[in-house]
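Notes to accompany the following structure.
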Amino acid sequence: MRVPVTALQPPIHVWAAEHNAETHASALIGQTRAVTAVKQALNSAGRYAHGFIVTPAGLRTYDVLKELQQQQRWQHAQLFDWVYLANPKSAHEPVCVNLPAGTASEFLTELWAILEAPVDARENSLKELQAKFSTPRLTAYLAQVAELSFTDLPGNELATIIVEHHDEEEFVLCDRVTEASLFGSIRLQSVQGTISSDLHLIEAGALLKANGGVLAIDAEELLSQPGLWRKLKYILKTSQFHWPQPGDANIAAFYQPEPVPIQIKILLLGDRDIYAQLRELDRDFDNLFPYLCDFSAHYPLSTLPLKPYFDYLAYVQHEADVLPLQADALPLVLKFASRLSDYQTELSLDTIALMQFLREANVIATAAQDQAISGQHLAQVLEQRQQRDGYIAELSRRSILEGQVYIETQGAVVGQINGLTVVTAGGSEFGEPSRITATVHYGDGDIIDIDRKSELSGNIHTKGVMILSAYIANVFARNETMALSATIVFEQSYHEVDGDSASLAELCCLLSALAEAPIQQGLAITGAVDQFGQVQAIGAVNEKIEGFYELCAARGLTGQQGVIIPAANLSQLNLEPHVIAAVERGDFTVYAVQHLNEALELLTQADQKGLYEKIEQRLRELQPQEPPPSLWQRWFGS
């Protein structure tokens with residue numbers, strides 16, 4: 001089937017027409033599944049109700065958490081200020097006291113005034129202090145110091161504030177995880193040669209700062225230090241935070257502040273691989289983190305309306321801090337977002353990639369002293385990126401144009417075909433054709449994969465060759481052994497070949513050699529095939545088409561050139577504008593096929609039934625004939 005021009009990219013102009021001026025910027029568009037899971041986690045109390053947030057590439061975690069907190073707070077949160085006070089019984093074991101949020105500084109001022117006052121004049125002040133900052137821990141501490149002055153307390157300090165909430169924090173994010181940043185530390189000091197610690201040397205980490213609220217932790221950073229993960233688990237199980245001893249094995253001083261009770265909601269942030277590893281390797285993980293909050297990288301238009309996506313784009317524009325978009329720029333933004341997702345019916349939610357795209361265009365527009373970003377500015381960004389990233393692709397193409405790598409784009413050859421591959425090298429990914437050849441000879445029906453014999457074939461490619469061997473055996477050797485064997489190879493390939501996207505090309509090449517039917521070299525083909533000849537989808541279809549087009553364009557388009565792709569990949573087509581223009585002019589053609597038969601007829605310009613009859617005739621001619629009976633066989637009738 002010849003693919004129409006309108007199917008070579010998504011309907012970006014139709015989409016752009018749905019945009020209206022009124023938008024509500026949001027980072028959570030398209031994330032209903034994940035947002036629901038986060039809300040369920042925030043509605044749950046207890047030690048075993050934490051969540052794991054799957055964060056795809058490009059997600060701005062801080063923005064997402066901030067907006068989530070505006071929509072839904074932890075229902076069981078209770079924030080306190082936390083202070084350590086001098087212990088009347090021990091200078092090395094300060095007492096932990098919690099206070100209403102935002103009152104720690106005021107409390108210490110009033111406590112100091114009471115300790116400076118005469119003991120017989122304190123009663124009313126103590127009652128007022130206890131009523132104003134009423135917590136059970138404070139009540140217990142005031143009972144111990146009711147008749148003491150500061151000079152009666154051991155040490156040189158009365159108190160230190162560990163956590164004080166000046167405003168109602170939304171959450172605490174710990175994305176650079178160390179023992180000190182997560183759990184805090186107790187430092188040491190040397191006074192006249194004596195190593196010791198004191199109240200002012202106690203420093204809280206993110207865990208204590210978020211106590212009573214929500215703490216988000218980068219899971220990869222956390223797991224890079226296994227000791228931290230074990231310590232966090234212990235705290236979550238016991239709801240108690242115990243300070244480590246200050247110093248190390250060589251320098252240590254006993255200083256043991258009272259443990260802090262912990263009531264907290266933990267949200268781990270990481271990719272799906274980390275989540276899978278934790279579930280597999282840690283038996284406690286499922287119990288502690290039952291809520292999976294799976295954020296998506298794509299916005300599916302097959303199930304969701306388009307208009308909310310414009311709210312997401314408004315958020316991207318706001319965060320990118322760029323000039324406004326002109327009307328002709330919006331279709332290119334949507335095309336770019338669709339290309340990132342690899343599907344015509346999906347748009348990307350990769351915030352960072354979209355921000356970079358708009359900011360590059362903003363630089364161009366600002367340099368031109370324009371007041372808005374136009375489609376021309378966005379097109380220039382894409383041209384600049386191609387120029388920056390295309391060096392290796394140009395070198396590869398030049399080797400073909402100069403004849404160092406032999407690829408035909410005109411004429412017809414028996415047993416030779418242009419497969420389409422994707423090359424990843426030096427951070428660049430591009431498509432290029434690869435010449436596949438096949439020869440046949442008298443034998444027992446074996447198909448020899450030279451790449452496999454030379455150990456240049458990956459497991460998936462080997463599987464693809466075995467499948468096409470099964471197809472040929474099923475069609476031509478169902479009742480008797482084939483009298484022909486074949487060899488197949490990727491010519492001028494000096495690295496491992498893997499993947500099954502060339503199996504359709506290899507099968508067509510083998511059948512060409514068996515039928516002695518020439519293949520049109522102006523056509524390149526990609527696709528996987530099953531044992532019944534059904535053509536299956538492959539990856540990177542746009543890059544493969546564009547790679548072959550660029551080679552044909554460099555040599556000169558003849559109007560007879562094009563590519564054959566699986567029909568299953570039609571939903572992924574999103575070609576560059578100059579390729580679409582060539583198809584529209586009739587200089588280049590894209591075909592989509594569902595079965596091997598369609599591909600064969602396009603490549604050989606012959607009927608598939610006739611080709612198979614030629615192969616069967618050839619096989620019959622090569623079948624060994626029974627020798628005539630000998631004299632003795634005729635004489636004895638045997």
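We count residues from 1, following the sequence as given. Heavy atoms only: backbone and side chains are in, while hydrogens, waters and symmetry mates are out.
- Listed for the D271 side chain is a donor-acceptor partner under 3.5 Å among the backbone atoms of I274.
- Expressed to the nearest 0.5 Å, how far CD1 of I538 lies from CG of L504 amounts to 10.0 Å.
- Residue Q594 qualifies as open at atom CD: its count of foreign heavy atoms under 6.0 Å is 12 or below.
- Counting non-hydrogen atoms of other residues, nucleotides and ligands closer than 6.0 Å to CZ of R388 gives a total above 12.
- Using a 3.5 Å distance cut-off with no hydrogens or angles, the side chains of Q521 and Q416 do pair a donor with an acceptor.
- Contact annotation: the side chain of L420 never approaches that of I525 to less than 4.5 Å [non-hydrogen atoms, C-beta and beyond].
- Although no hydrogens or angles enter the test, the distance criterion places no donor-acceptor pair under 3.5 Å between the side chain of S26 and the main chain of D311.
- Checking side-chain atoms of S512 against main-chain N and O of A517 turns up a donor-acceptor pair under 3.5 Å.
- One finds no salt bridge joining R397 and E432 here, because no Lys/Arg side-chain nitrogen approaches an Asp/Glu carboxylate oxygen to under 4.0 Å.
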Check step by step if side-chain contact (heavy atoms from CB on, under 4.5 Å) holds for V563 and T589. CA-CA 7 Å; V563 294; T589 308; over 6 Å; no
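- Counting heavy atoms from C-beta outward, Q9 and I580 have side chains that approach closer than 4.5 Å.
- Closest non-hydrogen pair, P566 versus G527, comes out as CG-CA, 3.6 Å.
- Applying the 6.0 Å contact sphere to CD of Q560 captures no more than 12 heavy atoms from other residues, nucleotides or ligands.
- Taking 4.0 Å as the cut-off between side-chain N and carboxylate O, R585 and D587 count as a salt-bridged pair.
- Between atom CD1 of residue I12 and atom NZ of residue K335 there is a gap of 5.5 Å, rounded to the nearest 0.5 Å.
- Residues P433 and F548 form a side-chain contact, since some pair of their non-hydrogen atoms from C-beta on lies under 4.5 Å apart.
- Summarising the local packing, CD of E220 is surrounded by 12 or fewer heavy atoms from other residues, nucleotides or ligands at distances under 6.0 Å.
- Across all their heavy atoms, L510 and A438 have their closest contact at CD2-CB, 3.9 Å.
- When all heavy atoms are compared, the tightest approach of R60 to T351 is CD-CG2, 3.5 Å.
- For Q404, the CD atom counts as densely surrounded, since its 6.0 Å shell holds more than 12 non-hydrogen atoms of other residues, nucleotides or ligands.
- Between D370 and L323, every side-chain heavy-atom pair lies at or beyond the 4.5 Å cut-off.
- Across all their heavy atoms, L596 and C508 have their closest contact at CD1-SG, 3.6 Å.
- No more than 12 heavy-atom neighbours from other residues, nucleotides or ligands sit within 6.0 angstrom of OH on Y343.
- I519 places none of its side-chain heavy atoms less than 4.5 Å from the side chain of V413.
- At distances below 3.5 Å, at least one donor-acceptor pair connects side-chain atoms of D607 with backbone N or O atoms of G610.
- Applying the ring pair (Phe, Tyr, Trp, His ring centres under 6.0 Å) definition to pairs two or more places apart or across chains, those involving residues 552-599 are Y549-H578, Y549-F588.
- No side-chain donor-acceptor contact under 3.5 Å links K614 to the backbone of L514.
- Rounding to the nearest 0.5 angstrom, the gap separating the CG atom in L507 from the CD1 atom in I417 is 9.5 Å.
- Formation of a donor-acceptor pair under 3.5 Å by the R272 side chain with backbone atoms of V54 is not found in this model.
- By the neighbour-count criterion of 12 heavy atoms within 6.0 Å, atom CD of Q376 is sparsely surrounded, having that number or fewer from other residues, nucleotides or ligands.
- In this structure a side-chain-to-backbone donor-acceptor pair under 3.5 Å is present from E546 to E576.
- Here the straight-line distance linking atom OG of S374 with atom CG of D328 works out to 5.5 Å at 0.5 Å rounding.
- A ring-ring contact (aromatic ring centres under 6.0 Å, His included) with F52 is found for one member of F295, Y291, Y275 and no other, namely Y275.
- A salt bridge links E360 with R385: at least one charged nitrogen is closer than 4.0 Å to a carboxylate oxygen.
- Residue-environment remark: CD (Q386) stays at or below the threshold of 12 foreign heavy atoms within 6.0 Å.
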After noting the C-alpha distance and the side-chain angles of T61 and T55, does the key distance pass the side-chain hydrogen bond (donor to acceptor under 3.5 Å, both in side chains) rule? CA-CA 8 Å; T61 306; T55 54; 5.2 Å; no
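- At a threshold of 4.5 Å between non-hydrogen side-chain atoms, the residues L334 and Y309 count as touching.
- No donor-acceptor pair closer than 3.5 Å links the side chain of D350 to the backbone N or O of L340.
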field: Check against side-chain hydrogen bond (donor to acceptor under 3.5 Å, both in side chains), Q344 and S571
entry: CA-CA 5 Å; Q344 289 188 353; S571 63; over 6 Å; no
Inset, instruction - Evaluate side-chain hydrogen bond (donor to acceptor under 3.5 Å, both in side chains) for T409 paired with R555, printing each intermediate quantity in order. - result: CA-CA 8 Å; T409 54; R555 285 180 169 173; 3.2 Å; yes
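- Taking 4.5 Å as the limit, some side-chain heavy atom of L347 sits within range of a side-chain heavy atom of W15.
- Of all non-hydrogen atoms in S503 and A528, the two that sit nearest each other are OG-CA, 3.2 Å.
- Applying the ring pair (Phe, Tyr, Trp, His ring centres under 6.0 Å) test to every pair with at least one member in residues 374-414, sequence neighbours left out, gives no pairs at all.
- Considering only heavy atoms from C-beta on, V529 stays 4.5 Å or farther from Y471 through its side chain.
- Remark: the T23 side chain and the Y315 side chain contain no N/O donor-acceptor pair separated by less than 3.5 Å.
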